[in-house]
Amino acid sequence: ACVKAKEWQKALALKTAMREAGIVPNVITYSSCISACEKAAHWKKAVELMDEMRKAGIEPNVITYNACISACGKGKQVDVALNLKKQMEDAELKPDLVTYNSCIAACEKEKRADRALELMAEMRTKGFAPDLITYNTVISACAKANMWERAEKLVEEMISEGIKPDLVSFNSLLHALSNGIQWEKTYNVLVDMKRKHGIKPDLISYATCITTCENAGMWMRAYEIIIQMKQDGIEPL
RNA sequence: CAAUUUUCACG
């Protein structure tokens, strides 16, 4: 059952073909198909597949649920995603770190920073330490909810817990600051990520800073950043 | 190397 076709129609066609060839789809077959739907944000199909496999007497496992939660997240269905997490708890399956990260990502898509933060607190009580991805996702959630102060705090928090922020962390923080039109802070972060953390800003980082300066009416500053970007070997598009 | 999680934009 090796499904490498990453487009959902193809994956589903393959599954049908398998059945017709007399091969019984197993958990992994379904999980793969759900994953294929996920990339296309086809959350309804993903949920349908879960039902279908249950009817076929195949029990979804943690990975199956995680894939489906992710699919719902991409389709902006937080409630469906959180319901799935409940379902798996009822089915005496233990949500794992990926489950939480996927649920938090679902909240992020819907700008539900409050729920994302709640979930992060909940996972701690269940003995899961938030990892880099957890933090990055929550920071991004704060960015979308216009909570740049919280985003700043989260970065400090992760550092104090020994998790090194990466390029994604900083880009998310930059977006948070950008949405708050904190152009000075945005610029400081851009400088700090390179000087203090050894992370090279990429095109996204620079573009975010430039946009912020433009929104703040700081045209000269925006221009200076473009110059720096070119010195860094990154070309504006 | 059979399946699952994070940033902007496009889709």
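Throughout, protein chains are lettered first and strands after them, A, B, ... in sequence-line order, and every chain is numbered starting at 1. The shown structure was predicted, so the numbers you read here are calculated from the model rather than taken from an experiment.
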Quick one: hydrophobic cluster around [X], which other residues, with the 4.5 Å side-chain cut-off, linked directly or via members?
{"X": "A:Trp183", "result": "A:Met218"}
{"X": "A:Ile181", "result": "none"}
{"X": "A:Tyr223", "result": "A:Ile227"}

For a quick check of understanding: with a heavy-atom distance under 4.0 Å over all strands, which category does [X] fall into, base, sugar-phosphate or nothing?
{"X": "A:Ser31", "result": "base"}
{"X": "A:Ala105", "result": "sugar-phosphate"}
{"X": "A:Asp96", "result": "nothing"}

Which parts of [range] get close to RNA chain B, meaning a heavy atom less than 4.0 angstrom away?
{"range": "residues 223-232 of chain A", "answer": "none"}
{"range": "residues 69-95 of chain A", "answer": "A:Ser70, A:Lys74"}
{"range": "residues 111-126 of chain A", "answer": "none"}
{"range": "residues 179-202 of chain A", "answer": "none"}

Applied to residues 212-221 of chain A, the side-chain hydrogen bond (donor to acceptor under 3.5 Å, both in side chains) test, sequence neighbours excluded, yields A:Ser178-A:Thr212
Residues 144-153 of chain A vs side-chain hydrogen bond (donor to acceptor under 3.5 Å, both in side chains), sequence neighbours excluded, gives A:Glu108-A:Lys144, A:Glu152-A:Lys185
Quiz prompt | Heavy-atom pair with the smallest gap, counting every atom of A:Ile139 and A:Ser169 | solution =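 Shortest heavy-atom contact: CG2-O, 4.2 Å.
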Donor-acceptor contacts, no H, no angles, side chain residues 230-237 of chain A, under 3.5 Å, sequence neighbours left out:
from	atom 1	to	atom 2	distance (Å)
A:Asp232	OD2	A:Lys194	NZ	3.3
A:Asp232	OD2	A:Tyr206	OH	2.6

Taking B:U6, B:U4, B:A3 as options, the one with an atom nearest any side-chain atom of A:Val168 is B:U6
Exercise. Just wondering, more than 12 heavy atoms not from A:Arg124 lying within 6.0 Å of its CZ?
Worked result: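 Enclosed.
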Every protein N/O lying under 3.5 Å from an N/O of nucleotides 8-11 of chain B:
from	atom 1	to	atom 2	distance (Å)
B:C8	OP1	A:Lys144	NZ	2.5
B:C8	O4'	A:His175	NE2	3.1

Output side-chain donor-acceptor pairs under 3.5 Å for residues 36-50 of chain A, partner residues at least two apart or in another chain, one line each.
from	atom 1	to	atom 2	distance (Å)
A:Glu38	OE2	A:Ser70	OG	3.0
A:Glu38	OE2	A:Lys74	NZ	2.7

